[in-house]
**Student:** 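Sharing a structure with you now.
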2 protein chains.
Amino acid sequence: MNYEEAKEKFISTWGALGTLWGINKAMAQIHALLWISPEPLSMEDIMEELQISRGNTSMNLRQLMDWGIVFKENKMGERKEYFVSEKDVQELARQIAKERSRREIRPVIKVLKDVSSIEDDNTAKTKELIKQTKALHELADTADTMMNKMVNQEHNWITKTLLKIVK
Amino acid sequence: MNYEEAKEKFISTWGALGTLWGINKAMAQIHALLWISPEPLSMEDIMEELQISRGNTSMNLRQLMDWGIVFKENKMGERKEYFVSEKDVQELARQIAKERSRREIRPVIKVLKDVSSIEDDNTAKTKELIKQTKALHELADTADTMMNKMVNQEHNWITKTLLKIVK
DNA sequence: ATTAATTTTCAATATTTTTTGAAAGTTTGA
DNA sequence: TCAAACTTTCAAAAAATATTGAAAATTAAT
């Protein structure tokens, strides 16, 4: 496998993985491209490389910036904007965990809490609803608390912790 | 919030969360319905409750069974098939982790390994590709190993471990 | 072996999501 | 202030994904 093949393989694999996890292909691929690029890239560069439109590029770059994993960069004397990805793998993981928790997990935890707190009327179905949503609530809450600890830890905490668990 | 409201809220929230994480709405909602149902449900019951077609119900039940989180059950003297969900929250988490690892994460780890192993030609871009994909490979591999430990642990391991981390 | 009950399949349809591209907006420099 | 360089927005189009429903297949009882 040469450089070009490897690059394409990485970008398309990252795009496919994103899709599987609810992240659109263009967004995942732009991220992949910036992740392996030693230089900041302009919108033109990205459009060219991934064969996508200007509008698509612009919107997905904005989303990546909203997620806190891509940044704008200016070159002196140049009008054009350039983009770079967060390069540290731990920081990337933390940022993604943080955002998914905030946007997706916490709202669900809130619903689970509310649903599991309805008044018990002693019917089997109500009992089951309460019991099962409470169990989900507890698991989700514990897992989310852990994620948040993770997000606020020192740089190398993730790997150290995972390794400790794995023994 | 009464029982009906709570039930609907739970089912639609679970469906929406699924969608966000790449699982289709019907599949997530069928799972939610079975999760809180104290009795096994027939295909008719599910179609009726969620207002979805027979074909849709059949296909998504099959997928849930492929994921190992829903099972067929027969009532004596009845021709019809009934379905029940895995009820244990830990087992649910383990099963989902196990399947997502097998189907989605491991193939990506393989690609990362291959891509990060291309020959270094000492150009900046090749060096960056190798460095960054290697970093992802290491993180993904560690996390996946942890997931697999998890999957094969005793029943209550997840919560105990998470709590230990959280301190 | 036939029929009735039930489930599965899959081409057609509907829905949702993503992408495009051109117009509108913004910024910078002359 | 004007205009060139560049970016953003958003309605329309395209693509991807999910859903339907009826025909085919399966199963079980008579």
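A, B, ... follow the sequence lines: proteins, then strands. Residue 1 opens every chain.
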**Student:** Between atom CG in A:L41 and atom P in D:dT7, what is the gap in whole Å?
**Tutor:**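 Taking CG of A:L41 and P of D:dT7, I get 13 Å after rounding.
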
**Student:** Quickly work out the A:N24 CG to D:dA15 C1' distance and round it to whole Å.
**Tutor:**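 After rounding, the reported distance stands at 12 Å.
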
**Student:** Which whole-number value in Å describes the distance from B:N60 CG to D:dG21 C1'?
**Tutor:**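 Value for this atom pair: 16 Å.
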
**Student:** Taking atom C1' of C:dT27 as reference, at what distance in whole Å does atom NZ of A:K80 sit?
**Tutor:**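 Result: 16 Å.
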
**Student:** Looking at C:dT19, D:dT19, D:dT7, which one has an atom nearest to any side-chain atom of A:A26?
**Tutor:**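 Given the options C:dT19, D:dT19, D:dT7, the side chain of A:A26 is closest to C:dT19.
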
**Student:** Determine yes or no for a side-chain-to-main-chain donor-acceptor pair under 3.5 angstrom, with B:E5 supplying the side chain and B:N2 the backbone.
**Tutor:**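 Yes, the answer is positive, given that a donor and an acceptor are paired below the 3.5 Å cut-off.
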
**Student:** Give the rounded distance in Å between these two atoms: CE of B:M47 and P of D:dA22.
**Tutor:**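 Answer to the nearest Å: 12 Å.
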
**Student:** Starting at atom NZ of A:K25, determine the distance to atom P of C:dT19, rounded to an integer number of angstrom.
**Tutor:**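 One finds 7 Å between P of C:dT19 and NZ of A:K25, rounded.
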
**Student:** C:dT9 phosphate, OP1 or OP2: any side-chain N/O from B:R62 under 4.0 angstrom?
**Tutor:**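 Answer is yes, contact under 4.0 Å.
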
**Student:** In this structure, how many angstroms lie between the P atom of D:dT8 and the CG atom of A:N56, rounded?
**Tutor:**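 It works out to 13 Å between those atoms.
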
**Student:** Quiz question: going by heavy-atom distance under 3.5 Å, is there a donor-acceptor pair between the base of D:dT27 and the side chain of B:R79?
**Tutor:**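 A donor-acceptor contact between them is present.
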
**Student:** Over all heavy atoms of both residues, which pair between A:E86 and A:D88 is shortest? Give the atoms and the distance, please.
**Tutor:**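 So the two residues come closest at OE2-N, 3.0 Å.
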
**Student:** How do B:G55 and A:E78 order along DNA chain D: which one's closest nucleotide is nearer the 5' end?
**Tutor:**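 The residue mapped nearer the 5' terminus is A:E78.
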
**Student:** For the side chain of A:R54, starting at C-beta, report the closest nucleotide among D:dG21, C:dT17, D:dT8.
**Tutor:**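 For the A:R54 side chain, the nearest candidate turns out to be D:dT8.
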
**Student:** Between B:M43 (CE) and D:dT20 (P), how many Å, whole number?
**Tutor:**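 About 12 Å, once rounded to whole Å.
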
**Student:** Taking only Lys NZ, Arg NE, NH1 and NH2, and the carboxylate oxygens of Asp or Glu, determine whether B:E128 and B:K125 approach each other closer than 4.0 Å.
**Tutor:**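 No salt bridge links B:E128 with B:K125.
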
**Student:** List the atom of B:I36, the atom of B:K7, and the distance in Å for their closest heavy-atom pair.
**Tutor:**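 Of all heavy-atom pairs spanning B:I36 and B:K7, the closest is CD1-CG, 3.6 Å.
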
